[in-house]
Amino acid sequence: MTENDWTRWPSREALGRIGLTRARRVLGVVGRLMIFGTILWVVVSGNDVRGWETLGVAAGVAVAAGTAWAFARTTLDHRLWPSLGLFTALYGVAVVAGLTGFRLPALVIWCACTVVALERLPLAAGVPAAGAALAAYAAVNDDAWLTTVATGVGLALAGYVLRLDAEARGSAHRLLLQERAAREAEAESAALAERARIAREIHDVLAHSLSAQLVHLEAARLLIERGADRQQILDRVVAARGMARDGLSETRQALSALRGDMTPLEDFLAELVGRADGADRADIAVTGERRPLPAEASQAVRRVAQEALTNVRKHAPGARVRLSLEYGESEVTLDVRDFGGGSGELAGTGAGYGLLGMRERAELLGGSLDAGPVEEGFAVTLRVPA
């Protein structure tokens, strides 16, 4: 044993009734009642107790019971000196009982003192206290010395075994509480992650929808400032209205995705390309063995495709767009490229956070997003595990 083992108290869980089954609690109560019943029976039947002596015996039994209860409470609170004081008082009750002719009750009390000292006190205090109780027991007991030694060893082992059992029960209870706390923390973490995912989806939908509307509304403003033809302005306003309608549809799709009810990815991309400005200059190609993707990966592909097409409208209107989706063995790759577009009037609008947000989304999934100019235009490439 280490020094800490000698000075360490049994845990409060071990000293209390936490973790005890109903059967063990009932057994403990019955055992205590049997001990005190035995003491009373021995006192009444083995001694000629009359008159005021009866009151004295009753007072002695009450003092012993109260002292034992107080000892249990102070040890539960890990209060060493009050516990030792109450143990000494209980020991003294046994001494008085032995001196006044009640030898057998005194022996029973000393036996109980031996067990509870080893069970409930730090070993550095419990072993000497149990030794004192056993010494008193051996001095008063008139059995053969071998019987006395065997009884003392049995009492010591019983006290230590009860201590180990209580500590094991306390450890099991603490582990159960830790497991519950870990599960609660895990559930809270999962809830926070789900909230973050929902917030990210809603943010991406609104950012894409509002950004697309801003493109057309800003173009309409520039046309108005330049005194452009009414029809040109009207076309931009109608396009902004279409973007608002598409944004509402995308919001519904996002909510469906959060419920786990998404349209196939290929169908979504085909519809997205079909809605793009200059649809005759946009095409889509899907390669590899098609398979369902995890919700997060599927959403990342959808959002990046939307953001890339919005950037094409903003920075290279009229450009031909090629959208490629490749299913690999362990990842899926989305490549969006534009070719031959002109410089857009709205190239300077927006804060430029769209692709940054998409890159963060990809990195959260363990993937990557690359965006930059190529020989004929601009390319956005997303890779996510799937």
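Residue numbers count from 1 along this sequence.
- If you take CD on E331 and CD on E326, they are separated by 8.0 Å, rounding to the nearest 0.5 Å.
- In the displayed structure, E329 atom CD is contacted under 6.0 Å by at most 12 heavy atoms of other residues, nucleotides or ligands.
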Intermediate values then yes/no, salt bridge (Lys or Arg N to Asp or Glu O under 4.0 Å), E184 and R180: CA-CA 6 Å; E184 291 176 358; R180 289 177 180 174; over 6 Å; no
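- Shortest non-hydrogen contact noted between A270 and I284 is N-CD1, 4.0 Å.
- Below 30°, between 30° and 60°, or above 60°: for F87 and F71 the angle between ring planes is between 30° and 60°, a tilted geometry.
- With rounding to the nearest 0.5 Å, the separation of CG in L76 from OG in S11 is 10.0 Å.
- E363 pairs by the side chain to side chain contact (heavy atoms under 4.5 Å, CB included) definition with R359, not counting sequence neighbours.
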Residue pair E186, S189: steps toward the side-chain contact (heavy atoms from CB on, under 4.5 Å) verdict: CA-CA 5 Å; E186 183 179 356; S189 177; 5.6 Å; no
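- Interatomic distance, R79 CZ to T74 OG1, rounded to the nearest 0.5 Å: 6.5 Å.
- Across all non-hydrogen atoms, the minimal contact from T67 to V63 is OG1-O, 2.7 Å.
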L364/E296 under side-chain contact (heavy atoms from CB on, under 4.5 Å): CA gap, chis, key distance, verdict: CA-CA 10 Å; L364 286 174; E296 287 284 347; over 6 Å; no
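- Separating the CG atom in L146 from the OG1 atom in T151 is a distance of 9.0 Å, to the nearest 0.5 Å.
- When all heavy atoms are compared, the tightest approach of L118 to A156 is CD1-O, 3.3 Å.
- Going from atom CG of L369 over to atom OG1 of T381 covers 7.5 Å, rounded to the nearest 0.5 Å.
- In the hydrophobic cluster analysis, where Ile, Leu, Val, Met, Phe, Trp and Tyr join through side-chain heavy atoms closer than 4.5 angstrom, V286 is grouped together with L382.
- Taking 4.0 Å as the cut-off between side-chain N and carboxylate O, R361 and E307 do not count as a salt-bridged pair.
- For the pair R291 (side chain) and A386 (backbone), a donor-acceptor distance under 3.5 Å is present.
- R290 pairs by the side chain to side chain donor-acceptor pair (under 3.5 Å) definition with nothing, not counting sequence neighbours.
- Within the 3.5 Å criterion, the main-chain N or O of L84 finds a donor-acceptor partner in the side chain of T88.
- Of all the heavy atoms in E119 and P10, the pair that sits closest is O-CG, 3.7 Å.
- Atom CG of L293 and atom OH of Y327 lie 5.0 Å apart (nearest 0.5 Å).
- Counting heavy atoms of neighbouring residues, nucleotides and ligands inside a 6.0 Å radius, atom CZ of R221 exceeds 12 of them.
- In this structure, the side chain of R337 does not engage the main chain of G377 through any donor-acceptor pair within 3.5 Å.
- E179 is linked by a salt bridge (Lys or Arg N to Asp or Glu O under 4.0 Å) to R183, counting only residues two or more places apart in sequence or in another chain.
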